[in-house]
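Start at 1 with the first residue, then count along the sequence. Remember, it's 1-based here, ligands and their atoms both numbered in the order they're listed. None of these values were measured; they are calculated from a predicted model.
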Amino acid sequence: MSLQLGDTAPDFEAETTHGPIRFHEWKEGSWTVFFSHPKDFTPVCTTELGYTAALGDEFKARNVKAIAVSVDDVSDHNSWIGDIEETQSTTVNFPIIGDPERKVATLYQMIHPQANDTLTVRSVFIIDTNNKIRLTLTYPASTGRNFDEILRVIDSMQLTDSNKVATPVNWKQGEDVIISPSLSNDEAAELFPEGWDEVRPYLRITKHP
Ligand code: BEZ
């Protein structure tokens, strides 16, 4: 059975480039972007981890911690970090889990044998402060992920957690939102006194709360 949205993210202990961690304890009180990459010293992975490091302030502003994993060991990660920092002009400020025995990769089903029977695919788990899995993504090794999209999704989830709204296609922070279809017009009028544009009874557009 695969890990699904709403499941509790499995806890684990692991060695990382920031020392040993117990996952739930490490992330306590924070959202987490937990992502796998296939292999150290590979080109796409180098750009992905560099970009994630460059987004450090953006993650911090959203109370998000990033953590990466691959089946390489911590000493390989530490050697590779120098290359990431030099080539991507950044400082890798988040931990990378060493998982040569594939314990964490197996727990999170990050090895897809039909794609590659030893290396992790490019998985992403976004996990909230209650340790619930809120988003999963799986990309093939040859395609780098869009970490701006990961920030965008976090913005949407954090907004929709605290407001009775949903976000439309390609929405970005600050743009108009959709009033939750579960609200009647009377209830919506209380929560959105500035009103809305009723494109259809089920499609009511209002300003970003
Ligand atoms: C890469 O990061 O460039 C990569 C890693 C494994 C397979 C293919 C590409």
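- Salt-bridge annotation for Glu198 and Arg204: absent, with no side-chain N of the basic residue lying under 4.0 Å from a carboxylate O of the acidic one.
- Classified by interplanar angle (parallel below 30°, tilted 30° to 60°, perpendicular above 60°), the ring pair Phe125/Tyr108 is perpendicular.
- Counting non-hydrogen atoms of other residues, nucleotides and ligands closer than 6.0 Å to CG of Asn170 gives a total of 12 or fewer.
- More than 12 heavy atoms of other shown residues, nucleotides or ligands fall within 6.0 angstrom of atom CD in Glu175.
- Protein residues having at least one heavy atom under 4.0 Å from any atom of ligand 1 are Pro38, Thr42, Pro43, Val44, Cys45, Arg122, Ala141, listed by chain and number.
- Between the side chains of Asp186 and Ser184, no donor-acceptor pair is found at a separation under 3.5 Å.
- Within 6.0 Å of atom CD in Glu194, 12 or fewer heavy atoms from other residues, nucleotides or ligands are found, so the atom counts as exposed in its surroundings.
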